[in-house]
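Predicted model, so just to flag it, every value in this text is computed and none were measured. Each chain gets a letter, A, B and so on, in the order its sequence line appears, and its residues count up from 1.
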There are 2 protein chains.
Amino acid sequence: MNDTPNGTSTLNINRDSDEPAYAQVVRILSQEIAEGAYRAGAQLPSESQLRARFSVSGMTVRRAINILVDRGIISASQGKGTFVRGLDMREAAFRLRERHDSPLLGPSVQVRLLQAAILTADERIARKLDISRGKRVVYLRRLISQPDGPVMYHREYMVYDPRRPTVEAELQITSLEGLFRGQGGQGLRRGDLGLEAVALSEEEADALQMPVGSPALCLEHIFYDFENHPVAWGWFICRADHFRLLGRIGPETSLGAES
Amino acid sequence: MNDTPNGTSTLNINRDSDEPAYAQVVRILSQEIAEGAYRAGAQLPSESQLRARFSVSGMTVRRAINILVDRGIISASQGKGTFVRGLDMREAAFRLRERHDSPLLGPSVQVRLLQAAILTADERIARKLDISRGKRVVYLRRLISQPDGPVMYHREYMVYDPRRPTVEAELQITSLEGLFRGQGGQGLRRGDLGLEAVALSEEEADALQMPVGSPALCLEHIFYDFENHPVAWGWFICRADHFRLLGRIGPETSLGAES
DNA sequence: TAGTGGTCTAGACCACTCC
DNA sequence: GAGTGGTCTAGACCACTAA
């Protein structure tokens, strides 16, 4: 056992554990940082010191360091050392969660297709989908409901291309899981998402059975194909009282991404 | 040069480049996935095949694989192989950005302290800060403004502890950067964040010079000390027309986190 | 010059899956 | 048993920083 700056004896890794050595190093260092053994701005022991303390090879401690850097817990600069970072709200990432910890995805969630039509693109649609005005597009309207009522209202425009199976596939979707996982995702390369607060329009309020002007989250999405052309543009209107984004800054106790 | 499933000749890594080998492997594989050389669900070449193709050691290709898994582009399962993942909106992470790509942080942003008071905790505050009702708390109100007007309204409750320098430090903050980076962040361990859509109350509308009921984003935050006790609870009310969260799903062309 | 982080290798061993 | 992903080592080399 070595000593940390605050004088307490330190943990070491357990070779008999199922947990990989690099993960144990990550966990132990995270804990010590979280407990204040190393304060914000403080320098961590050097790689060789950590290698000696944990009795692991350089690659293993290096991997742990990389993970901690990835998570934003420490920063490393060549030739100087690794340092503990403070909290920074600017770096917070949020994930969409449903409120009331009810299942966002599951059999109790119904997706109903309200409308499927072929329209001609107006200026706005043409710009978003990078097509010329007047071209034909598929227009879809969906209502996503839980047992206690509708929670999301979805509108989407897709470029009309008979050769593309995407439209057919999209029409078959009856679960939110299918919608979110992109059943039509075959043939799609990437998606850009935007999220903002809006007030319900009359149409949206009618669909969601809420008063006009109620707050809601608007999740806009544009999907691109492999040639980087927009294929679909749409947005979900989510009842504010059902959806909330969660984030966290600082070291995580539980297991996160690996590296 | 080997062949990919679609028959095009493949790139290889450049040993003379400044870009590390593992990063090149990540970049090349991401590109090939993005271009459709490997479709969603398809199996990537095995580690030994990739090792041979790129003429690198196992550790290097393994590191690249780990990064791709971290980014959610591929999934790996032991004994079976690595597979290309489709788009999955559930995994999208959002980051808070200001609209109109104007600087969220910078000298043009003013933070004005509207009120600093000592109150006794009511039921709600006591529960959030995990203290007993009636204890004294510091109450702060701030207005964050850009040259064209107020954009955020901040309220915060902090446990009153004369020994703790956090309160003093908080009062000195005059920039949003200081507020977000946590000048009082010394002594804080982590923070939990929540984000939802709300309608402006009378008080908020008054502060932000907007009509009552206008949509806004509410960014709630709770910060904890090293003993995992809540220290501060507050929330930013952000004008919806000034803030938007951006996310993306799918392979990224630009450089992201390393591992 | 000494210490730091950063990259990379060649090969070993294990656990898992599928035939 | 053959092939897969997953972990780990011991040591090499490089680039950067600071005294």
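Contact annotation: B:Ser46 side-chain N/O to D:dT4 OP1/OP2 distance is under 4.0 Å. For A:Arg63 and D:dT7, the shortest distance from a side-chain N or O to OP1 or OP2 is below 4.0 Å. Regarding contacts with the backbone of C:dT7, a side-chain N or O of B:Tyr22 is found under 4.0 angstrom from either OP1 or OP2. When the side-chain nitrogen and oxygen atoms of A:Thr60 are compared with OP1 and OP2 of D:dT7, none of them lie within a distance under 4.0 Å.
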Exercise for the section: At under 4.0 Å between heavy atoms, which parts of nucleotides 11-19 of chain C does protein reach? Answer with one letter per nucleotide, 5' to 3': B base, S sugar-phosphate only, - none. Expected result: ----BBSS-

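Panel note: side chain A:Gln49, backbone A:Leu44; no donor-acceptor pair is recorded below 3.5 Å.
Of the candidates D:dT4, D:dG5, C:dG5, the closest approach to any side-chain atom of A:Arg62 belongs to C:dG5. Proximity note for B:Thr82 (side chain, C-beta onward) versus D:dT7, C:dT9, D:dG5: the nearest is D:dG5.
Using a 4.0 Å cut-off between charged nitrogen and carboxylate oxygen, A:Arg189 and A:Asp225 do not count as a salt-bridge pair.
Of all the heavy atoms in A:His221 and A:Trp235, the pair that sits closest is NE2-N, 3.8 Å.
Looking at heavy atoms from C-beta onward, B:Phe54 lies in side-chain contact with B:Ile28 at the 4.5 angstrom threshold. Counting heavy atoms from C-beta on, the side chains of B:Pro45 and B:Arg53 never come closer than 4.5 Å.
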